[in-house]
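Data first, discussion second: the structure below is written as structure tokens.
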Amino acid sequence: MFNNLKAMEPDPILGLMSAFGNDTNPRKVDLGVGVYKDDAGNTPVLDSVKAAEALLLERQQTKAYIGPAGLEDFNRLMQVMILGPAHPVLAGSRAATIQTPGGCGALRAGAELIRRARPGAKIWVSDPTWANHIPLLGSAGMEIVQYPYYDSVNKVISFDAMLETLRLAEAGDVLLLHGCCHNPCGADLDLEQWQVLAELALQRDLLPFVDLAYQGFGEGIEEDVAGLRLLASRVPEMLVASSCSKNFGLYRDRTGSLTVVARDSGQVNNAISQVCSATRGIWSMPPDHGAAVVATILSDMGLRAQWEAEVATMRKRINDLRTRLVDSLASAGAGDFSFIARECGMFSFLGISPDSIASLRREFSIYMVDSSRINVAGLSDDNIAYVSEAIATVCRDSRNSGQV
Ligand code: LMR
């Protein structure tokens, strides 16, 4: 049966983990996969998570099945964290949330729902977008089309071009947006642009599908969802895929949620029953542990305050590193990278050539995604000067050999 199968190329992002792991250079630097790191290069378990886990260990009475929608408390608390307690959508009972295996599970569940509700709907994704959006949504059978998003020359959002392209979308198509901390370019929509997109979605009958993987990593836990909340207050229907991988550091516990907003509570319930029937046929039920941890933290005032402080520490470290990288690159003679300080979240493109990226890996053991996306959190006191000098060197070599 398997004799005619060929080996797949490694995943463009996850493949970097093993390449980095196999590199024996003691100076190696991992700017690849999007996990938060502290200054020592570790991705520690948050203290609030450890405390919640200790409570769970003591209190948990059973490991019996929890059901396809997951943990009720988690779903309720996530919904409030995303939409805010006073959002009109909640007052109108127009939203429901289910637990999913990570943000990926939420994206897949959302795509399954769309396929059941409107087979043939196209999904419009930003150019560029997270590399895994394409296989994830594509494997659910959705046709994927791109709208222009990042102007890599001027390092800004190409908003006019984005709108012009989205005017080609047909009624019932889906508009995938990054809630905050755009992956991979780090350039986020401002509130005025969210407002324009809300009107566009309304006029053209597009379904917004917001991927919220970094709540708290941009400007703040509340600030990062201001655009999404504005959108939800304007449109009749919408989906939000949310991940707890980064802000709770629960990467391997696969913790996320899908929120469905519909015209009324009856339609929400019907939609949720469809999603649960679809996911029953894929993963049956989501894993419990991460969601139980999140529910424990969000429902306890002390743990919640501790977690919020930990998120603020991670956010501040990333933002500081952005400024320091700009300065350090300028001092090393690499040129003007000031746009990195204007972007937010874990990622930015360096905008350097594929040859420079290959040289950084080959000669300096510095790893980043082939698109030149770096994970800013992989920088540290120890490596920021080394990385900046290496970038300056490869950019100089590349200029001398006539490549940009
Ligand atoms: C990333 O973009 O690096 C992360 O979201 C990890 C992943 O699964 O790709």
Side-chain angles (χ1 to χ4, degrees), residues 8-21 28-38 41-44 100-111 125-140 144 149-150 176-188 209-218 224 240-258 283 286-287 290 311 314-315 317-318 321-322 340 343-350 357 360-361 366-379:
M8 299 290 290
E9 287 296 319
D11 180 88
I13 297 177
L14 300 185
L16 291 170
M17 290 199 305
S18 54
F20 179 78
K28 65 183 178 178
V29 181
D30 179 12
L31 306 179
V33 184
V35 287
Y36 175 81
K37 290 170 197 228
D38 62 17
N42 298 321
T43 306
T100 56
C104 288
L107 287 163
R108 176 67 192 253
V125 305
S126 60
D127 177 15
T129 197
W130 178 42
N132 204 32
H133 275 150
I134 312 295
L136 241 178
L137 301 164
S139 63
I144 300 169
Y149 185 79
Y150 187 64
L176 188 84
L177 297 165
H178 295 231
C180 63
C181 308
H182 189 282
N183 180 2
C185 71
D188 279 356
F209 191 171
V210 181
D211 185 357
L212 182 64
Y214 297 90
Q215 185 174 359
F217 271 34
D224 287 352
V240 183
S242 174
S243 167
C244 302
S245 294
K246 329 282 164 159
N247 52 8
F248 286 87
L250 288 169
Y251 306 89
R252 64 176 64 171
D253 286 323
R254 310 309 303 138
T255 311
S257 68
L258 176 72
W283 54 72
V311 175
M314 295 193 277
R315 176 173 64 244
R317 178 175 140 70
I318 294 169
L321 282 168
R322 285 183 170 278
I340 292 177
E343 296 170 350
C344 71
M346 294 218 282
F347 308 114
S348 275
F349 287 129
L350 284 181
I357 296 163
L360 283 170
R361 191 190 297 194
I366 296 174
Y367 289 76
M368 67 189 66
V369 182
D370 284 345
S371 60
S372 89
R373 186 196 83 169
I374 57 163
N375 171 13
V376 178
L379 296 165

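Whatever order the structure lists them in is the order used to number ligands and atoms, beginning at 1.
In terms of heavy atoms, Ala19 sits closest to Arg361 at CB-NH1, 4.3 Å.
Considering SG of Cys244 and CZ of Arg254, their distance stands at 10.5 Å, rounded to 0.5 Å. Between the CE atom of Met314 and the CG atom of Asn247 there is a distance of 7.0 Å, given to the nearest 0.5 Å. Rounding to the nearest 0.5 Å places NE2 of His133 at 5.0 Å from CG of Leu107.
The side-chain hydrogen bond (donor to acceptor under 3.5 Å, both in side chains) check on Tyr149 picks up nothing, with sequence neighbours excluded.
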May I have a table of the N/O to N/O pairs between ligand 1 and the protein that fall below 3.5 Å, each row giving the two atom names and the distance to 0.1 Å?
| from | atom 1 | to | atom 2 | distance (Å) |
| --- | --- | --- | --- | --- |
| ligand 1 | 2 (O) | Trp130 | NE1 | 3.0 |
| ligand 1 | 2 (O) | Asn183 | ND2 | 2.9 |
| ligand 1 | 2 (O) | Arg373 | NH1 | 2.9 |
| ligand 1 | 3 (O) | Gly34 | N | 2.7 |
| ligand 1 | 3 (O) | Arg373 | NH2 | 2.8 |
| ligand 1 | 5 (O) | Lys246 | NZ | 3.0 |
| ligand 1 | 9 (O) | Trp130 | NE1 | 3.1 |

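Taking the six-membered ring for Trp and thresholds of 30 and 60 degrees, Phe217 and Tyr214 have ring planes inclined between 30 and 60 degrees apart.
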